[in-house]
Amino acid sequence: MPRTLIEIERGRGEPLYRQVRQAIEHGIASGRLDAGGRLPSSRLLAQELGVSRNTVTAAYQELVAEGFVESRARSGLFVNPRMPARPEPEPAPPQEHAFDWSGRLRGREGDRLPHIEKHHDWARYPYPFPAGQVDPRAFPARAWVRALNRALDRPHAAWSLQDCVADDDPLLVEMVRSHLLPARGVAVEASEVLITIGSQQGLDLLGRALLGPGSVAAVEDPGYLDARHIFLRAGARLHPLPVDADGLRPPGTLRGVDLLHVTPSHHHPTNVTLGPGRRQALLEAAREAGTVVVEDDYDSEFRYEGIPTPALKSQDTTGQVVYLGTFSKFLAPGLRLGYLVGSAELVAHLRELRRYSVRHPSGHLQRALGLLIESGDYQWAVRRSRARLGAKWRLMRDAVNASLSWASSPAPGGVSLWMSGPEGLDCRELVRRARERGVLIERGDIFFLAGLDVPAGPDLLTGPDLLTRPDLLAGPAFQAGPDLDALRHFRIGFAAPRADVIEPGIAILGDVVRELLPAQ
């Protein structure tokens with residue numbers, strides 16, 4: 001019951017018990033007290049109101065006698081559920097001078113970019129292929145519950161429950177440093193690790209620390225849309241760099257670029273891997289230009305053929321590569337935990353920025369995750385998940401080649417397939433019609449910068465780049481409107497659906513494609 005429902009006026013000349021009764025009666029009649037809802041005990045309500053228990057008891061007795069309240073043995077007092085339905089609330093009087101928020105809210109450069117559309121009800125679709133979601137049945141629930149419970153026992157409870165101000169849980173930092181990063185070829189000290197609320201917070205912190213009005217952020221094209229939003233909101237201009245079957249194509253120079261965001265292990269969204277020669281060329285260009293390289297290693301655990309490549313950070317000899325990792329893609333996106341690896345000086349600066357926005361990620365979740373890794377349950381769950389996703393990847397690969405009208409050789413990693421359809425395919429219409437048939441996929445045109453009217457960076461492309469991709473040039477080449485080549489791409493996730501719905505779902509998708517492209 002709301003504490004503000006009853007107001008006692010001792011000098012009003014009316015008995016206190018009657019004031020209590022009338023207030024509760026009005027609360028029931030007006031609907032502020034739900035029908036069937038439980039009322040507080042006479043002792044508790046008396047303490048709240050500062051009156052004697054007899055006063056509240058007398059009020060309750062009258063309410064019971066008049067049918068507003070009913071007493072249930074060994075349960076307490078409840079609002080009578082058979083009370084008449086609450087009346088329709090009277091409309092609020094019009095506000096003559098409503099506050100003008102539109103004149104106070106600051107505009108955001110990122111508003112001109114599209115957003116990644118997510119369907120929160122994806123599980124109700126018979127053939128759900130969203131990217132970035134996981135199958136809840138694959139989550140290591142028992143091991144996670146054990147870790148959560150252990151995190152509240154001694155000696156772990158202190159780190160789970162205390163205000164750590166700007167510090168991270170030392171156990172989780174040590175697990176990241178000694179158990180996770182060595183597999184990526186990265187060796188660092190504890191002072192070079194920052195725990196984040198997902199890798200997206202790491203990007204936000206870097207944008208706030210390193211970018212501002214007049215700065216330039218180079219991004220892959222196609223590329224990670226949320227990173228572009230973050231960099232634009234920091235005040236930076238964007239410079240797109242083209243991506244092909246071998247990953248990002250390094251420009252002749254990175255001079256004038258303050259920050260470069262790259263996804264070398266599995267490019268987002270195509271999943272291709274950046275080759276060794278291009279990695280070296282990119283690092284050399286960054287060293288020559290003094291550009292900070294942000295390596296977003298969001299799902300390197302999931303490679304199904306061949307040997308995983310070491311992190312770009314493992315080849316960093318100058319300390320200007322910042323590495324981002326996340327637990328969201330493997331455990332669950334809802335947990336929102338990740339980590340950032342960079343120089344101790346950078347991490348200390350980012351820690352101060354984080355302190356004055358969220359202080360630190362949940363101590364309980366940090367300690368539980370540290371215990372999960374320490375116990376070996378995390379590594380076991382990763383291996384199990386990799387095997388399960390590998391089987392789904394093969395099913396999806398075979399299904400798209402059997403049902404779609406063009407051959408596809410998807411990259412052997414990640415949690416989704418990037419599809420490049422024939423000329424004339426409009427992914428927007430494909431997504432709409434497929435959804436009407438119960439098949440949920442994602443459009444691919446939103447991952448391209450070409451055709452969008454956004455603040456662009458300097459002209460860095462030289463030589464062959466100018467001849468093959470003139471649409472990537474900054475300035476007038478960025479015209480508002482859809483890019484016809486970008487419209488033929490779409491994305492199919494395979495982490496969330498059951499394995500048995502992949503083949504029939506893709507068969508329906510193939511039917512939709514044939515409806516849109518009857519001549520193909």
Side-chain angles (χ1 to χ4, degrees), residues 118-161 168-176 178-180 183 195-201 297-304 325-339 360-396 413-416 440 493-502 505:
K118 295 295 181 183
H119 294 267
H120 299 292
D121 60 344
W122 62 266
R124 74 175 181 85
Y125 287 81
Y127 308 105
F129 303 126
Q133 301 290 0
V134 297
D135 184 350
R137 295 166 300 177
F139 181 74
R142 291 184 179 179
W144 181 243
V145 169
R146 284 197 302 269
L148 287 171
N149 289 336
R150 283 189 63 201
L152 294 177
D153 290 336
R154 294 180 180 178
H156 307 295
W159 280 102
S160 292
L161 302 177
D168 294 319
D169 187 319
L171 175 63
L172 180 55
V173 170
E174 179 58 25
M175 291 300 102
V176 169
S178 62
H179 284 63
L180 303 186
I195 304 301
T196 61
I197 305 175
S199 59
Q200 196 166 53
Q201 187 192 31
D297 202 24
Y298 60 97
D299 68 354
S300 61
E301 298 94 341
F302 302 131
R303 186 174 181 87
Y304 315 118
T326 181
F327 301 101
S328 299
K329 290 295 185 291
F330 157 60
L331 284 176
L335 289 180
R336 309 310 308 153
L337 281 176
Y339 53 94
H360 58 80
S362 162
H364 188 201
L365 295 183
Q366 286 193 69
R367 178 53 54 126
L369 184 53
L371 291 170
L372 188 74
I373 299 172
E374 185 183 49
S375 69
D377 286 334
Y378 176 87
Q379 291 82 347
W380 176 85
V382 167
R383 291 192 295 270
R384 182 184 179 192
S385 184
R386 185 187 298 120
R388 183 177 298 175
L389 287 172
K392 286 186 177 182
W393 175 81
R394 284 182 281 275
L395 282 172
M396 185 68 78
V415 293
S416 64
L440 195 64
F494 56 84
R498 302 191 317 271
D500 62 329
V501 307
I502 290 178

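Only this structure's heavy atoms are used, side chains among them; waters, hydrogens and symmetry mates stay out. We count residues from 1, following the sequence as given.
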Practice prompt. Compare every heavy atom of G414 with every heavy atom of D299, then report the nearest pair and how far apart it is.
Written response: OD2-CA, 3.2 Å
Item to complete: Take the angle between the ring planes of F327 and Y339 and call it parallel below 30°, perpendicular above 60°, tilted in between.
Response: tilted
Response to the item:
Interatomic distance, OH@Y127 vs CZ@R498, rounded to 0.5 Å, equals 9.5 Å
Fill in: Where F494 and L389 come nearest, the two heavy atoms and their spacing
CE1-O, 3.7 Å
Worksheet item: Should M396 and F129 count as side-chain neighbours, where that means a heavy-atom distance under 4.5 Å?
Response: yes
Fill in: Sidechain-backbone polar pair: S385 side chain, A381 backbone, donor-acceptor under 3.5 Å
no
Item to complete: Identify the heavy atoms of A499 and L395 that sit nearest to each other, and give their distance.
Response: CB-CD1, 3.8 Å
Discussion item. If we ignore hydrogens and angles and just use 3.5 Å, is the side chain of K392 paired with the main-chain N or O of I502 as donor and acceptor?
Written reply: no
Practice prompt. To the nearest 0.5 Å, tell me how far T326 OG1 sits from I197 CD1.
Written response: 12.0 Å
Fill in: For A496 against D135, the heavy-atom pair lying closest together
O-CB, 3.6 Å
Discussion item. Determine whether a donor-acceptor pair (N or O, by modelled atom type, separation under 3.5 Å) exists between the side chain of S160 and the backbone of A151.
Written reply: yes
Discussion item. Within the structure provided, determine whether W144 and L148 are in side-chain contact (heavy-atom separation under 4.5 Å).
Written reply: yes
Worksheet entry | Interatomic spacing from CD1 in I195 to CG in D169 - rounded to 0.5 Å | 8.0 Å
Worksheet item: What is the distance from atom CD of Q200 to atom CZ of R336, rounded to the nearest 0.5 Å?
Response: 6.5 Å
Worksheet item: Got Y125 and P497 here, is their nearest side-chain heavy-atom distance under 4.5 Å?
Response: no
Discussion item. Quick one: does any side-chain atom of Y304 pair with a main-chain N or O of R386 as donor and acceptor, under 3.5 Å?
Written reply: no
Response to the item:
Closest heavy-atom pair, Q379 versus I373, reported as atoms and distance to 0.1 Å, is OE1-O, 3.3 Å
Discussion item. What's the separation between atom CD in Q366 and atom NE2 in H156, rounded to the nearest 0.5 Å?
Written reply: 14.5 Å
Worksheet item: Do R146 and D377 meet the salt-bridge criterion of a basic N to acidic O distance under 4.0 Å?
Response: yes
Worksheet entry | Any V415 side-chain heavy atom under 4.5 Å of F302 side chain | yes
Worksheet item: Considering all heavy atoms of both residues, which atom of Y378 and which atom of L369 are nearest to each other, and what is their separation?
Response: CD1-CD1, 4.4 Å
Item to complete: Nearest 0.5 Å please: distance from the CG atom of L172 over to the CZ atom of R367.
Response: 9.0 Å
